[in-house]
There are 2 protein chains.
Amino acid sequence: MEQGQPESGTGTLGKAIAVLDAVATANRPMRFKDLLAALDQPRGTLHRQISNLIDEGLLQVNSDHSYELGIRLLKFAANAWSGSRFREIAEPHLRALHAKVGETIHLSVLQGVEVVYLDKVESRQSVRMHSQIGNTSPCFCTGVGKAAFSVIPADEAENRIRKIVFKRYTEHTITDEHAFRREIEDIRAKGYALDREEHEAGIHCVAAPVAAPDRGFYAGISVTAPVYRVPMEQLEAWAGDVRAAADAIMEDMNAKLGPRG
Amino acid sequence: MEQGQPESGTGTLGKAIAVLDAVATANRPMRFKDLLAALDQPRGTLHRQISNLIDEGLLQVNSDHSYELGIRLLKFAANAWSGSRFREIAEPHLRALHAKVGETIHLSVLQGVEVVYLDKVESRQSVRMHSQIGNTSPCFCTGVGKAAFSVIPADEAENRIRKIVFKRYTEHTITDEHAFRREIEDIRAKGYALDREEHEAGIHCVAAPVAAPDRGFYAGISVTAPVYRVPMEQLEAWAGDVRAAADAIMEDMNAKLGPRG
DNA sequence: CTCCAAGTTCCATTATTCGGAACATTGTTT
DNA sequence: AAACAATGTTCCGAATAATGGAACTTGGAG
C-alpha cells in the first residue's frame with residue numbers, strides 16, 4: 001500500500017472521487033459538458049461514473065442539469081470530524097494557545113497541495129462557525145500550508161511541488177517555484193512560518209508544523225490576525241508559543257497514539 | 001439511471017462506500033476484523049478496498065490498526081453544505097419560523113432510512129454548533145424522519161420500511177412495524193408529525209414534510225423543545241406554522257429550481 | 001419547424017476487481 | 001523464550017465490472 005500522496009484518479013474509485021473533486025473545486029455550477037472538459041474522459045464513461053455517484057447519494061443533479069455534492073457526504077464528514085483523534089488531542093492545546101495570545105487559532109491538515117481547516121478557536125463565535133471547517137486553501141500561500149510543507153521529506157516534497165499552481169491572491173503571494181523552495185528552506189531553519197498577507201490582504205499569521213512523517217501526516221497550527229491590529233513584530237514574538245503548542249500536540253500524539261504515531 | 005434508494009453495495013463504488021459507512025456507523029473504533037465481520041467480504045477483497053480508500057484520503061489508519069474517516073471528506077462536505085441549493089432556499093424560512101415560535105428549528109433530509117441534519121436555527125449558538133450538522137438519526141423515531149416518510153410513494157416506502165431496524169431509544173419509541181405504518185398513515189392524513197419523546201427522553205417536536213417525490217427527494221423541518229418548558233398542546237398549536245413554512249419552502253423550490261423540482 | 005448541441009444508452013472489448021490460499025506479523029500463553 | 005493463535009497482508013488465475021466508440025434521444029435557440 002502506497003502511503004504517499006494519493007495518485008489522484010487511479011483505479012475505479014479514484015476516478016469516481018476525481019469527479020466529486022471536480023464538482024467541489026469548481027465554484028460555479030458544473031454541468032455535464034463542464035465535467036467532460038474538466039476530467040477528459042469519454043462521454044459514456046463519465047456518464048456512468050456520474051450515475052453511480054448519484055445512486056450512492058454522493059452527487060445530486062438539479063433540474064437544470066447542474067450537479068452538486070450529495071448530502072450523504074455530510075454524514076461522513078460529521079463522523080470524520082468528531083472521530084478525528086488528532087483533532088481531539090489538539091483541541092486543548094489550541095485553547096491554551098488562544099488563551100495566551102487572544103487571537104484566532106487554526107488547525108489544518110495538508111491534503112495533497114491544499115490545507116483543510118480542521119478546527120478553529122476564536123474569541124467571538126462569529127457567524128456560521130462551521131462554514132469554515134472543511135474549507136480548503138492552497139498550501140503555498142498560507143502559514144499552516146508552508147509550515148506543514150517544511151517538514152515533508154525532500155523527495156515527497158518534490159512530488160507535491162510539481163502539482164502546485166502558483167496563483168496570485170495578493171501582491172505578496174509567492175508565485176515563483178524557486179522563491180517557494182527558498183521560503184520552505186527558510187521555514188525549516190527557523191521552525192515557524194509567516195504568512196505576510198500572501199493569501200488575503202490585511203490578514204497575516206504565524207504558524208508551526210505538527211507532523212508524523214512516518215505516517216505521511218502533515219499538519220500545522222497558526223495564530224491569525226488582522227494587520228491593522230497586530231503588527232508583524234508581535235506575530236514573530238508569538239512564534240515561540242506557537243511552536244511550543246505544536247510540539248506539545250506532537251508529544252501528546254506520541255503518548256496517546258503510540259510512539260510510532 | 002435508477003433514481004430510487006441507493007442499492008447499497010452495488011458496483012465497485014458502492015462497496016467502497018459501504019466500507020466508509022461501516023466505519024461511520026459504528027461508534028467504536030473499527031479494526032480490520034471488525035470490518036470483515038460487518039461487511040462480510042473475503043479478506044483479500046476487503047483489504048484491497050481499504051487500501052484504495054486510504055490512498056484516496058477517504059480513510060485513515062491509526063497505529064493501533066483502527067480506522068477513522070479521512071479528512072478529505074471534510075472538504076467535500078463543506079462544499080456539499082454550502083453548495084446545497086435546498087439549504088440555501090430553506091434558510092430564510094427557517095429563520096422566520098424561529099422568529100415566530102422561539103424554539104430550535106431543524107432542517108433534515110431523508111437518506112435511506114436515516115435523516116441527516118442539514119441546518120439548525122436556535123437562539124443561543126450553543127457549544128460547537130457544527131457538531132450537529134451532518135449528524136444522522138433514525139427515520140422512525142424522529143419528527144422530520146416520520147414527516148418525510150409520510151410523503152414517500154407507497155412502493156418506495158415499502159422498500160425502505162423493510163430496511164428499518166426498530167431499535168428502542170426511549171419508552172415511547174415505536175418499535176413495531178405495524179404501529180409505524182399506522183403512524184405514517186396518521187401523519188399523512190394530518191399533514192404533520194409529532195415526536196413524543198421517541199428518540200430522546202424529555203425532548204419532543206412537531207415536524208412537516210418538504211419533498212419533491214419526482215426527484216426522489218424527501219426532507220422535513222421541525223420545531224424541537226424540551227418537555228419541561230413547552231407542552232405538547234403548544235407544539236400542536238404550532239403545527240400549522242410548521243406546515244406553512246414547509247409549504248413556503250416547496251413553493252420557493254419550484255420557483256427557483258424549475259417547476260419539476 | 002429545423003437544426004445543433006447536450007445528454008443518454010448500448011454492447012463487444014478490455015482492464016480491474018475478485019477471492020481463495022499462502023505468507024507475514026503481532027501479541028498471548030505456557 | 002519458544003510455540004501458538006489471531007490478526008493483518010500479499011499474490012495471481014478466474015470472474016466480473018468498467019471502458020469507450022458510436023448510435024440514439026432530448027431540448028433549447030433561431
Side-chain angles (χ1 to χ4, degrees), chain A residues 1-4 6-20 22-23 26 28-56 58-68 214-216 257-261, chain B residues 1-4 6-20 22-23 26 28-56 58-68 214-216 257-261:
Chain A
M1 170 193 338
E2 194 49 57
Q3 64 133 355
E7 216 44 75
S8 277
T10 297
T12 306
L13 178 64
K15 287 169 195 162
I17 301 304
V19 175
L20 291 185
V23 174
R28 65 207 163 89
M30 295 290 267
R31 301 188 51 173
F32 187 84
K33 66 160 183 170
D34 300 316
L35 291 173
L36 201 56
L39 293 159
D40 82 343
Q41 298 236 36
R43 299 151 73 90
T45 300
L46 179 60
H47 189 266
R48 182 177 30 75
Q49 289 168 342
I50 288 176
S51 293
N52 290 339
L53 288 167
I54 290 174
D55 286 350
E56 291 299 327
L58 268 31
L59 201 61
Q60 283 177 261
V61 56
N62 298 314
S63 57
D64 62 351
H65 290 138
S66 67
Y67 296 102
E68 57 183 56
D214 45 356
R215 290 185 60 205
L257 298 181
R260 287 169 304 105
Chain B
M1 168 194 340
E2 193 49 60
Q3 65 133 351
E7 215 48 72
S8 277
T10 298
T12 307
L13 177 63
K15 287 168 194 164
I17 301 303
V19 176
L20 292 185
V23 175
R28 65 208 163 87
M30 296 289 268
R31 302 189 49 175
F32 188 85
K33 66 158 185 170
D34 300 315
L35 291 173
L36 201 56
L39 294 159
D40 82 346
Q41 297 234 40
R43 300 152 72 89
T45 301
L46 179 60
H47 189 267
R48 182 176 32 73
Q49 289 168 342
I50 288 176
S51 294
N52 289 338
L53 287 167
I54 291 174
D55 285 350
E56 290 300 327
L58 269 29
L59 202 61
Q60 284 177 259
V61 57
N62 299 313
S63 57
D64 63 350
H65 290 142
S66 68
Y67 296 101
E68 56 183 56
D214 45 355
R215 289 185 61 205
L257 299 182
R260 288 167 306 106

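The sequence lines fix the lettering, A, B, ..., with proteins before strands; numbering per chain opens at 1.
Checking A:Arg48 against A:Leu13, the closest nucleotide of DNA chain C that is more toward the 5' end is the one next to A:Arg48.
Here A:Pro29 pairs with A:Ser66, B:Arg85 under the side-chain contact (heavy atoms from CB on, under 4.5 Å) rule; sequence neighbours left out. Looking at residues two or more places apart in sequence or on another chain, you find a side-chain contact (heavy atoms from CB on, under 4.5 Å) between A:Ala26 and A:Met30. The side-chain hydrogen bond (donor to acceptor under 3.5 Å, both in side chains) check on B:Gln60 picks up nothing, with sequence neighbours excluded.
Rounded to whole Å, atom C1' of D:dA6 lies 13 Å from atom CZ of B:Phe32. Residue A:Asp55 contributes atom CG, which lies 13 Å from atom P of C:dT8 at whole-angstrom precision. Nucleotide D:dT7 holds its P atom 14 Å from the CE atom of B:Met30, rounded to whole Å. What separates CG of B:Asp34 from P of D:dA6 is a distance of 16 Å, to the nearest Å. Atom NE2 in B:His65 sits roughly 13 Å away from atom P in D:dT7 (whole-Å rounding). Atoms CG (A:Asp64) and P (C:dG7) sit 10 Å apart, rounded to a whole Å. One can place NZ of A:Lys33 at 14 Å from C1' of D:dG27, the figure rounded to the nearest angstrom. Remark: P of C:dA6 and CG of A:Leu46 are 14 Å apart, rounded to the nearest angstrom.
You'll find the side chain of A:Thr12 stays beyond 4.5 Å of the side chain of B:Leu13, heavy atoms only. For the pair B:Lys15 and B:Thr45, the minimum side-chain heavy-atom distance is 4.5 Å or more.
Judged by distance alone, with hydrogens and angles left aside, the side-chain atoms of A:Asn52 form no donor-acceptor pair with the main-chain N or O of A:Gln49 at under 3.5 Å.
Of all non-hydrogen atoms in A:Ala18 and A:Leu39, the two that sit nearest each other are O-CD2, 3.7 Å. The two residues A:Leu46 and A:Leu35 come nearest to each other via the heavy atoms CD2-C, 3.8 Å. Across all non-hydrogen atoms, the minimal contact from B:Phe32 to B:Tyr67 is N-CE1, 3.9 Å. A:Val23 and A:Glu68 get closest at one heavy-atom pair: CG1-CA, 4.2 Å.
In this model, the phosphate group of D:dT7 is not approached by any side-chain N or O of B:Arg31 to a distance below 4.0 Å at OP1 or OP2. Residue B:His47 places at least one side-chain N or O under 4.0 Å from the OP1 or OP2 atom of D:dT9.
Computed from C1' positions of five pairs at each end, the angle between the two local axes of the helix from C:dC1-D:dG30 to C:dT30-D:dA1 equals 40°, rounded to 10 degrees.
Within residues 36-45 of chain A, the residues approaching DNA chain D are A:Pro42, A:Gly44, A:Thr45, by heavy-atom distance under 4.0 Å.
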What string of B, S and - do you get for nucleotides 12-17 of chain D, 5' to 3', if B is base contact, S is sugar-phosphate-only contact and - is no contact with any protein heavy atom under 4.0 Å? -----S

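Residues in residues 40-54 of chain A take part in no salt bridge (charged side-chain N to carboxylate O under 4.0 Å, His left out) pair, two or more places apart or across chains.
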